[in-house]
Amino acid sequence: MTVLILGLVLFLGVHSLRIVAEPWRQAQIARLGEKPWKLVYTAVSLLGFGLILWGYAQARLTPTVLWATPRGMNHLAALLTLVAFILLAAGNGPRNHIRAKLRHPMVLSVKLWAFAHLLANNTLADLLLFGSFLLWAVLCFRAARQRDRAGAPAPAAGTTAGTVGTVIVGILAWAAFAFWIHGAWLGVRPFARAVGA
């Protein structure tokens, strides 16, 4: 569990600088330069992410169950993660109505992904992992909305083609992850669990 916690501190810590230490972050970018800063940021993020995967895998070997998962939660989680993948695609896709309307769909995607996993999972490691990401996403979205109110530039206006393309990419990415990548990478086949629950 210590490895998981360390990974969360590193990964979410570096991703929280805009929330809690924006002046310090800007000072470091000015001092180091944008490319060296991005290199350090990426290295810390990858180290944290690797520790999260390793720590979570180790914690799953001896799980501490905290509650009984209600029937149907796996089905609901599968549906919510589908929406989360569409939001993730909207955060990266060009000129779509979802991003134009919500402004920060990627952060909302993380929030929904974490919430869905909390519904379907019931161990201490799950609570630490997904609860931490949910709390981070809530705080990050709040900070982003504050920047919006302070005059941050609005996203480009959406187009029908951009929106349709975003939804298709999100659905395809979700299907690939649910049916193959999640099981191959993490050893858990969530969609099979949802169907068989």
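Linking Ile, Leu, Val, Met, Phe, Trp and Tyr whenever their side-chain heavy atoms come within less than 4.5 Å puts Val167 and Leu102 in one cluster.
A side-chain N or O of Arg31 and one of Gln28 form a donor-acceptor pair less than 3.5 Å apart.
Side chain of Thr42 to main chain of Leu39: no donor-acceptor pair is present (N/O by atom type, distance under 3.5 Å, no hydrogens or angles). In this structure a side-chain-to-backbone donor-acceptor pair under 3.5 Å is present from Thr163 to His97. A donor-acceptor distance shorter than 3.5 angstrom exists from the side chain of Asn96 to the backbone of Gly93, with no hydrogens or angles considered.
Between Phe11 and Phe49, the two ring planes are tilted [angle within 30° to 60°]. Classification of the His117-Trp113 ring pair by plane angle, with boundaries at 30° and 60°, yields tilted.
From Glu22, atom CD reaches atom CG of Leu17 across 8.5 Å, with rounding to the nearest 0.5 Å. In this structure, CZ on Arg142 lies 10.0 Å from CD1 on Ile19, to the nearest 0.5 angstrom. Once rounded to the nearest 0.5 Å, the distance linking CG of Leu51 with CG of Leu46 reads 11.0 Å.
The side-chain heavy atoms of Leu66 and Thr123, taken from C-beta on, include no pair separated by under 4.5 Å.
For Arg147, the CZ atom sits in a packed shell: over 12 heavy atoms of surrounding residues, nucleotides or ligands are nearer than 6.0 Å.
Phe141 pairs by the ring-ring contact (aromatic ring centres under 6.0 Å, His included) definition with nothing, not counting sequence neighbours. For the ring-ring contact (aromatic ring centres under 6.0 Å, His included) test, residues two or more places apart in sequence or in another chain that qualify with Phe177 are Phe85, His182.
Of all the heavy atoms in Pro36 and Gly33, the pair that sits closest is CD-O, 3.4 Å.
Between Tyr41 and His15, the ring centre distance stays below 6.0 Å.
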